Amino acid sequence: MRVYDTILKKRNGMELSTEEINHLIRGYMSGSVPDYQIAAFVMAVFFQGMTARETSDLTMAIVSSGEQVDLSGIAGIKVDKHSTGGVGDKTTLVLGPLVAAAGVPVAKMSGRGLGHTGGTIDKLESIPGFNTSLDRDVFIENVNRIGISIGGQTGNLAPADKKLYALRDVTATVDSIPLIASSVMSKKIAAGADAIVLDVKTGDGAFMKTLESAADLAKAMVEIGTRVGRQTVALITDMEQPLGNTVGNALEVREAVECLRGDGPPDLRELCLVLGSHMVYLAGKAASAEEAREQLEAFIDNGRGLEKFRELVENQGGDPSFIDNLSLLPQAGEKITVYSHRDGYISGIRAEQIGIAAMTLGAGRETKDSQIDHSVGIELMKKRGDKVNGGEPLAVICANNAEKADQVKELVLRAIEISQEPPEPGKLIWGQVTPEGVKMY
């Protein structure tokens with residue numbers, strides 16, 4: 001079997017066999033297939049696409065390139081949640097404890113942020129003492145003991161994906177639905193989950209800028225999950241503006257605690273309840289998503305979700321005292337208020353610009369080697385649709401560098417759009433994708 005023939009076949013729009021795909025990925029990992037041939041292959045996929053069966057085969061070939069986590073030592077149906085990345089997305093910190101309180105085992109492997117999107121591991125590491133580097137046996141033991149554990153992804157989970165992504169990144173082939181879908185799902189499947197809930201972001205701060213492209217990606221990922229025997233559901237959710245009111249690691253931990261107390265912003269609470277209800281339902285702990293939602297709402301009201309978060313922090317070496325005194329979280333040295341220059345209504349908050357502003361302060365990484373400052377970030381005082389008067393605060397910049405704070409102030413002002421008329425109401429959740437099809441709201 002010649003790699004040349006596989007590339008030619010895909011270049012000409014023909015369907016590859018399972019063995020051709022497996023041979024290609026095995027060869028790439030062994031070194032017998034060079035970068036330039038894989039670059040030609042991914043470019044052919046970029047232009048010709050892949051069938052659902054091909055995409056599923058590519059996903060499993062990537063899964064087979066490394067370690068596959070065995071979660072069979074954890075009783076019950078393990079449900080994972082994955083977000084395609086956004087700004088201010090701290091949902092795992094809220095829904096993880098809530099879902100665990102419902103008796104669903106939460107064995108969550110999360111990543112770090114890069115660019116304008118945040119990472120769950122970075123947020124958790126802003127908690128003093130919190131350990132995200134867990135031995136696999138300890139990780140499983142934690143879930144069996146308290147129902148939840150969140151750790152960093154191992155280096156040997158789907159290693160072919162890491163190599164492929166690095167190549168796609170320099171060959172202008174990142175934004176291909178089959179390649180994105182196989183990249184995301186390979187890591188979720190290798191992580192050992194029985195069922196997967198996907199949060200596919202769309203809008204300014206998302207990777208998928210349009211509703212159509214987000215729906216296509218959601219469909220592709222649900223198809224992969226279904227084909228390989230994982231219950232999979234996807235929600236298409238809004239990222240035109242940041243989720244919640246804060247962007248920055250310690251700021252987002254604070255907001256997650258406030259949400260578990262019942263005081264969090266409405267959009268964060270709603271998204272966590274919707275995603276969490278699907279997780280509880282897929283785990284068989286409720287007869288319907290509606291019943292699951294009622295459970296989760298009760299766990300916010302009665303404090304069980306917050307207590308489960310406390311257990312998670314304590315169990316992974318963190319100091320839980322910040323939960324009762326949020327000022328114990330890392331604090332930036334300076335707080336600079338950004339004021340509105342005129343009256344009107346907030347017609348838009350460009351999520352990507354706010355994410356870049358937070359990254360500039362040090363809350364995110366410009367490169368994978370960048371150091372994170374857990375204390376810095378941006379707190380929004382207004383959201384889309386809110387009325388604002390001239391001289392009223394729009395946002396607070398939390399900074400440790402005056403020069404960077406000045407740069408960010410201009411970025412924030414440009415990101416927040418003000419109109420004379422109130423905007424049309426936006427949507428938080430645009431649709432749902434299941435094996436049965438797409439349902440738009």
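The structure presented is a predicted model; accordingly, all values stated were derived computationally and were not measured. All values below were derived from every heavy atom in this structure, side-chain atoms included, with hydrogens, water molecules and symmetry-related copies excluded.
The backbone N or O of Asn131 lies less than 3.5 Å from a partner atom in the side chain of Gln316, making a donor-acceptor pair. Checked by atom type and distance alone, the side chain of Ser64 never pairs as donor or acceptor with a backbone atom of Ala61 at under 3.5 Å. Using modelled atom types, one side-chain atom of Thr360 and one backbone atom of Ile356 make a donor-acceptor pair closer than 3.5 Å. Side-chain atoms of Lys188 do not come within 3.5 Å of backbone N or O of Asp80 as any donor-acceptor pair. Without hydrogens or angle criteria, Lys201 side chain to Thr237 main chain gives no donor-acceptor distance under 3.5 Å. Ser56 contributes no side-chain N or O that, together with a main-chain N or O of Arg53, makes up a donor-acceptor pair within less than 3.5 Å. Between the side chain of Ser183 and the main chain of Leu179, no donor-acceptor pair closer than 3.5 Å is present.
Of all heavy-atom pairs between Pro265 and Asn245, the closest is CB-ND2, 3.8 Å. Summarising the geometry of Met279 relative to Val197, their closest heavy-atom pair is CG-CG2, 3.7 Å, with the distance given to 0.1 Å. Taking both residues in full, the closest heavy atoms of Ala415 and Ile354 are given as CB-CD1, 3.8 Å, listed atom of the first, atom of the second, then distance. Across every non-hydrogen atom of Asp386 and Lys383, the tightest pair is OD2-N, 2.8 Å.
Inter-residue side-chain proximity for Arg304 and Lys308 is flagged as unmet; no heavy-atom pair is nearer than 4.5 Å. The shortest distance between side-chain heavy atoms of Asn302 and Phe299 falls below 4.5 Å. The shortest side-chain heavy-atom distance between Pro178 and Leu58 does not fall under the 4.5 Å cut-off. By the 4.5 Å heavy-atom criterion applied to side chains, Leu24 and Ile38 are counted as neighbours. In this structure the side chain of Val313 reaches within 4.5 angstrom of the side chain of Phe322, judged on heavy atoms. At a threshold of 4.5 Å between non-hydrogen side-chain atoms, the residues Glu125 and Phe130 do not count as touching. Contact check for His278 versus Leu235: side-chain heavy atoms found under the 4.5 Å cut-off. Using a 4.5 Å heavy-atom cutoff, the side chains of Ile148 and Lys108 are not in contact.
Ion pairing of Glu270 with Arg293 is present here, as a side-chain N (NZ or NE/NH1/NH2) and a carboxylate O approach within less than 4.0 Å. A salt bridge does not link Arg261 with Glu258: none of the charged nitrogens is closer than 4.0 Å to a carboxylate oxygen. A salt bridge links Lys219 with Asp216; the closest basic N to acidic carboxylate O contact falls under 4.0 Å. Salt-bridge annotation for Lys335 and Glu379: absent, with no side-chain N of the basic residue lying under 4.0 Å from a carboxylate O of the acidic one. A salt bridge links Arg112 with Asp122: at least one charged nitrogen is closer than 4.0 Å to a carboxylate oxygen. Looking at Glu255 and Lys90, a side-chain N of the basic residue comes within less than 4.0 Å of a carboxylate O on the acidic one, giving a salt bridge. The pair Glu307-Arg310 meets the salt-bridge criterion, since a charged nitrogen lies less than 4.0 angstrom from a carboxylate oxygen.
Around NZ of Lys209, the count of heavy atoms belonging to other residues, nucleotides or ligands within 6.0 Å exceeds 12. Atom OH of Tyr281 has 12 or fewer heavy atoms from other residues, nucleotides or ligands within 6.0 Å.
Cation-pi geometry between Lys163 and Tyr28 is met: under 6.0 angstrom from the ring centre, within 45 degrees of the axis.
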Give the intermediate values and the outcome of side-chain hydrogen bond (donor to acceptor under 3.5 Å, both in side chains) for residues Thr91 and Asp199.
CA-CA 10 Å; Thr91 51; Asp199 179 6; 4.9 Å; no

Pair Ser176-Thr173, side-chain hydrogen bond (donor to acceptor under 3.5 Å, both in side chains): steps then yes or no:
CA-CA 6 Å; Ser176 157; Thr173 52; over 6 Å; no

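Side-chain contact check for Ser186 and Asp161: no donor-acceptor pair (N or O, by modelled atom type) lies under 3.5 Å.
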